[in-house]
Amino acid sequence: MKEIVVCMFFFILLSCQKQPERTVLYNEKKSLVLEQKEQQDSIQYFPNALTYQYEIDDLKEELWFYVNEETQQILYVPNDDMIQAIISYPNGDYEIYGTDENGLKTVLKENISAVAVDEVYDNLLKPLAITKTIDQSNIQQKDIICRGYQFDYLKMQGSELLFATTQIPINSYQIYGFSRLNGDARITIGLDYINIFSKLDVITNIERSNF
């Protein structure tokens with residue numbers, strides 16, 4: 001059984017020039033600053049980081065999301081030579097900052113409509129009488145309490161033991177939407193729980209029996 005675990009931290013300075021936009025339509029305390037250039041420089045600040053730790057083929061990895069709770073924007077920086085950064089917006093837009101085959105800077109946009117519309121629950125979760133606690137004493141923050149759920153697969157054998165919390169004030173569908181992006185912009189692990197959890201529930205632990 002493999003487990004994915006989330007850690008909270010409260011990082012680096014990333015510079016990105018905003019180029020003419022092309023649209024693709026589809027139905028610790030650390031901080032990160034993203035610089036954009038239109039007619040004048042503007043700064044986007046991401047003061048918090050949400051980190052998922054996971055293991056694939058005995059190789060331990062981390063997935064970092066940088067969060068601005070005030071603007072509800074979430075930044076993801078893929079490990080990809082062609083993509084500098086991806087920003088998620090609460091309206092379901094994802095701006096993908098990259099470089100084309102000629103070395104020119106580009107900005108692509110995808111829209112994941114489920115991020116912004118009302119939830120339509122699939123009623124696939126079974127609440128469990130178990131919890132997990134994420135200790136945040138190292139950053140002088142309150143512990144995060146996570147409630148347990150069982151998620152049985154519909155089209156294959158197996159299930160997941162999931163834990164989620166409502167203590168992280170972001171739209172969790174923005175995180176899950178990174179699993180629906182196209183090509184190399186899609187995150188490397190499956191985190192698509194749109195319409196399984198509510199937008200207030202942020203996944204913190206995943207134990208998958210079919211791994």
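Just so it is clear, the model here is predicted, and its values are computed rather than measured. The first residue in the sequence is number 1, and the count goes up from there. Hydrogens, waters and symmetry mates play no part in the numbers below; they use all other heavy atoms, side chains included.
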Could you tell me whether the side chain of [Y] reaches within less than 4.5 Å of the side chain of [X], counting heavy atoms only?
| X | Y | value |
| --- | --- | --- |
| Leu161 | Leu128 | yes |
| Leu162 | Phe197 | yes |
| Pro78 | Ile86 | yes |
| Gln53 | Glu61 | no |
| Val202 | Ile170 | yes |
| Tyr66 | Leu50 | no |
| Phe151 | Lys126 | no |
| Thr204 | Lys132 | no |

Same hydrophobic cluster for [X] and [Y], using side-chain heavy-atom links shorter than 4.5 Å among ILVMFWY?
| X | Y | answer |
| --- | --- | --- |
| Ile189 | Tyr153 | yes |
| Leu200 | Ile74 | no |
| Trp64 | Leu75 | yes |

Hey, does the side chain of Arg147 reach the backbone of Ala164 with a donor-acceptor pair shorter than 3.5 angstrom?
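Not a single qualifying donor-acceptor pair exists.
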
State whether the side chain of Thr165 and the backbone N or O of Ile145 hold a donor-acceptor pair below 3.5 Å, judged by distance alone.
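At least one qualifying donor-acceptor pair exists.
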
With sequence neighbours left out, which residue pairs that include part of residues 171-181 fulfil the side-chain hydrogen bond (donor to acceptor under 3.5 Å, both in side chains) condition?
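The answer is Ser88-Gln174, Arg180-Asp192.
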
Spatial distance of atom [atom1] ([X]) from atom [atom2] ([Y]) [nearest 0.5 Å]:
| X | Y | atom1 | atom2 | value |
| --- | --- | --- | --- | --- |
| Asn111 | Asp93 | CG | CG | 5.0 Å |
| Leu124 | Tyr149 | CG | OH | 13.5 Å |
| Leu108 | Ile96 | CG | CD1 | 5.5 Å |
| Asp143 | Asp135 | CG | CG | 5.0 Å |
| Gln150 | Ser159 | CD | OG | 5.0 Å |
| Asp184 | Asp80 | CG | CG | 4.5 Å |

So, [X] versus [Y]: side-chain donor-acceptor pair below 3.5 Å or not?
| X | Y | value |
| --- | --- | --- |
| Glu95 | Tyr89 | yes |
| Asn205 | Glu207 | no |
| Tyr45 | Gln73 | no |

Assess whether side-chain contact (heavy atoms from CB on, under 4.5 Å) is satisfied between Gln84 and Val77, documenting all intermediate values.
CA-CA 6 Å; Gln84 285 183 288; Val77 182; over 6 Å; no

Take atom CD of Glu70 as the centre, draw a 6.0 Å sphere, and report whether it contains more than 12 heavy atoms from other residues, nucleotides or ligands.
no

Can you see which heavy atom on [X] is nearest to which on [Y], and at what distance?
| X | Y | result |
| --- | --- | --- |
| Ile194 | Ala114 | CG2-CB, 3.7 Å |
| Asp100 | Asn102 | OD1-N, 2.9 Å |
| Ala116 | Asn91 | CB-O, 3.6 Å |
| Phe163 | Thr131 | CE2-C, 3.9 Å |

Take Leu181 and Tyr94, measure what side-chain contact (heavy atoms from CB on, under 4.5 Å) needs, and give me the verdict at the end.
CA-CA 8 Å; Leu181 297 178; Tyr94 290 75; 3.8 Å; yes

Evaluate Ile206 against Tyr54 for side-chain contact (heavy atoms from CB on, under 4.5 Å), listing each step before the verdict.
CA-CA 9 Å; Ile206 303 171; Tyr54 63 98; over 6 Å; no

Output, in order, the C-alpha distance, side-chain angles, deciding distance and verdict of side-chain contact (heavy atoms from CB on, under 4.5 Å) for Thr106 and Tyr97.
CA-CA 6 Å; Thr106 61; Tyr97 296 81; over 6 Å; no

Looking only at the aromatic ring of each residue, does the gap between the centers of Phe65 and Phe178 stay below 6.0 angstrom?
yes

